[in-house]
Amino acid sequence: MQFETFITDTLRALEVPYRLVKHQAVFTVAESVGVLDEIPVKNLLLQEEKGTRKVLVIMAGEHRLDTKKLAAELGTKKLRFANAEALLETLGVTPGSVSLFSLFHDGSDSVEVVIDQELAHAEEVGFHPNDNTVTIFIPGASIKTVLDHTGHSYRYMNVRSNT
């Protein structure tokens, strides 16, 4: 609850409109489909297989991530999904609670962010405030406002698989 309040206070200070929805715990995009009316968003932390680079990918939940395409665009050989230990250390969350708001965690300073370009103009995009029983919806254009505030480097690109 404290972090949720921190997030809503921060959004108000940044003049980002938001809508908060409380619901049963959801751990995957598939689970959220029956709980939320909106199309869910995937938040995936990846890391270089042989390196220290970490990337948070934010994309529409109905699409598959093309990790090879993403690795090539980022100029790295291979990316893998971060394990539970890396999620906790880097973003301060457990699996199922990763979100844009996890970037407020002290361990996230070196995380790069990639946002699927489709979300840039979405009417609303929902993120957990590090608690998968709450979703805070913000305009897609406001993702940039939050990232500018956190100081993380980011880029918009097409990260969806064509298959």
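The first residue in the sequence is number 1, and the count goes up from there. Nothing here was measured: the structure is a model prediction, and the numbers come from that model.
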Chemist: Answer whether the closest heavy-atom distance between the side chains of Glu73 and Met157 falls below 4.5 Å.
Modeler: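 Yes, at least one pair of side-chain atoms sits under 4.5 Å.
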Chemist: Of all the heavy-atom pairs spanning Ser97 and Ser102, show the shortest one and how long it is.
Modeler: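 Residues Ser97 and Ser102, closest heavy atoms: O-OG, 3.8 Å.
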Chemist: Ignoring hydrogens and angles, state whether a donor on the side chain of Ser153 or Glu112 is under 3.5 Å from an acceptor on the partner side chain.
Modeler: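 Side-chain D/A pair, Ser153 to Glu112: absent.
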Chemist: Indicate the atoms forming the closest heavy-atom contact of Lys42 with Arg64, along with that distance.
Modeler: NZ-CA, 4.0 Å
Chemist: Let me know which of Val98, Asp116, Val113 forms a side chain to side chain contact (heavy atoms under 4.5 Å, CB included) with Ile58.
Modeler: Val113
Chemist: Is there a side-chain contact (heavy atoms from CB on, under 4.5 Å) between Phe3 and Phe104 once you walk through the steps?
Modeler: CA-CA 10 Å; Phe3 192 68; Phe104 285 101; 4.1 Å; yes
Chemist: Work out which heavy atom in Tyr156 is nearest to a heavy atom in Gln117; give both atom names and the distance.
Modeler: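 Here Tyr156 and Gln117 meet closest at CD2-CA, 4.2 Å.
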Chemist: List the atom of His23, the atom of Val134, and the distance in Å for their closest heavy-atom pair.
Modeler: NE2-C, 3.5 Å
Chemist: If you look at every heavy atom in Leu91 and Asn130, which pair is closest and at what distance?
Modeler: O-ND2, 4.3 Å
Chemist: Is there a side-chain contact between His105 and Val93 (heavy atoms, below 4.5 Å)?
Modeler: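 The answer is no, as the side chains (C-beta and beyond) never meet within the 4.5 Å cut-off.
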Chemist: Can Arg160 and Glu118 be counted as an ion pair, charged N to O under 4.0 angstrom?
Modeler: yes
Chemist: Go through the steps to decide whether Ile136 and Phe127 satisfy the test side-chain contact (heavy atoms from CB on, under 4.5 Å), and finish with yes or no.
Modeler: CA-CA 5 Å; Ile136 297 174; Phe127 300 99; 5.7 Å; no
Chemist: I'd like to check Leu100 versus Val41 (side-chain heavy atoms, cut-off strictly below 4.5 Å). Are they in contact?
Modeler: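 They are not in side-chain contact.
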Chemist: When you look at CG of Asp9, are more than 12 heavy atoms from neighbouring residues, nucleotides or ligands closer to it than 6.0 Å?
Modeler: yes
Chemist: In terms of side-chain heavy atoms, does Ser108 have a donor or acceptor partner in His152 at a distance below 3.5 Å?
Modeler: yes
Chemist: Hey, what do you get for CG (Leu70) to OG1 (Thr76), rounding to the nearest 0.5 Å?
Modeler: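 It is 9.5 Å, given to the nearest 0.5 Å.
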Chemist: Using ring centroids (six-membered ring only for Trp), state whether Tyr18 and Phe137 fall under 6.0 Å.
Modeler: no
Chemist: Measure the spacing between OG of Ser161 and NZ of Lys69 and express it to the nearest 0.5 Å.
Modeler: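 Reported to 0.5 Å precision, the distance equals 8.0 Å.
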Chemist: Search all heavy atoms of Arg80 against all heavy atoms of Glu49 and return the closest pair with its distance.
Modeler: NE-CA, 4.0 Å
Chemist: Hey, mind stepping through Val26 and Thr133 against side-chain contact (heavy atoms from CB on, under 4.5 Å) and telling me if it holds?
Modeler: CA-CA 7 Å; Val26 291; Thr133 65; over 6 Å; no
Chemist: Would you say that Leu46 contacts Leu65 through its side chain, given a criterion of any heavy-atom pair below 4.5 Å between the two side chains?
Modeler: yes
Chemist: Looking at His128 and Ser99, would you say the former's side chain and the latter's main chain have a donor-acceptor pair under 3.5 Å?
Modeler: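 Absent.
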Chemist: Would you check if Leu20 and Thr8 make a side-chain contact, meaning some heavy-atom pair closer than 4.5 Å?
Modeler: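 Counting from C-beta outward, Leu20 and Thr8 do come under 4.5 Å.
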Chemist: For the side chain of Ser142 and the backbone of Ile138, is there at least one donor-acceptor N/O pair under 3.5 Å apart?
Modeler: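 Checked: no pair found.
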Chemist: Indicate yes or no: at least one non-hydrogen side-chain atom of Leu56 is less than 4.5 angstrom from one of Leu44.
Modeler: no
Chemist: Tell me whether Leu79 is reachable from Val159 by hopping between hydrophobic residues (I, L, V, M, F, W, Y) whose side-chain heavy atoms are closer than 4.5 Å.
Modeler: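 Yes, Val159 and Leu79 fall within the same hydrophobic cluster.
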Chemist: Is any side-chain N of the basic residue among Arg19 and Glu124 closer than 4.0 Å to the acidic one's carboxylate O?
Modeler: yes
Chemist: Report the C-alpha distance between Arg155 and Ile115 in whole Å, list the side-chain angles of each, state the deciding distance to 0.1 Å, and finish with yes or no for side-chain contact (heavy atoms from CB on, under 4.5 Å).
Modeler: CA-CA 6 Å; Arg155 66 176 95 175; Ile115 307 113; over 6 Å; no
Chemist: For residues Val114 and Leu74, determine if any side-chain heavy atom of one lies less than 4.5 Å from a side-chain heavy atom of the other.
Modeler: yes
Chemist: Leu11 versus Phe101: any side-chain heavy-atom pair under 4.5 Å?
Modeler: yes
Chemist: Give a yes or no on whether the backbone of Leu87 and the side-chain of Thr90 come within a donor-acceptor separation of less than 3.5 Å.
Modeler: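 No, Thr90 side chain to Leu87 backbone: no donor-acceptor pair under 3.5 Å.
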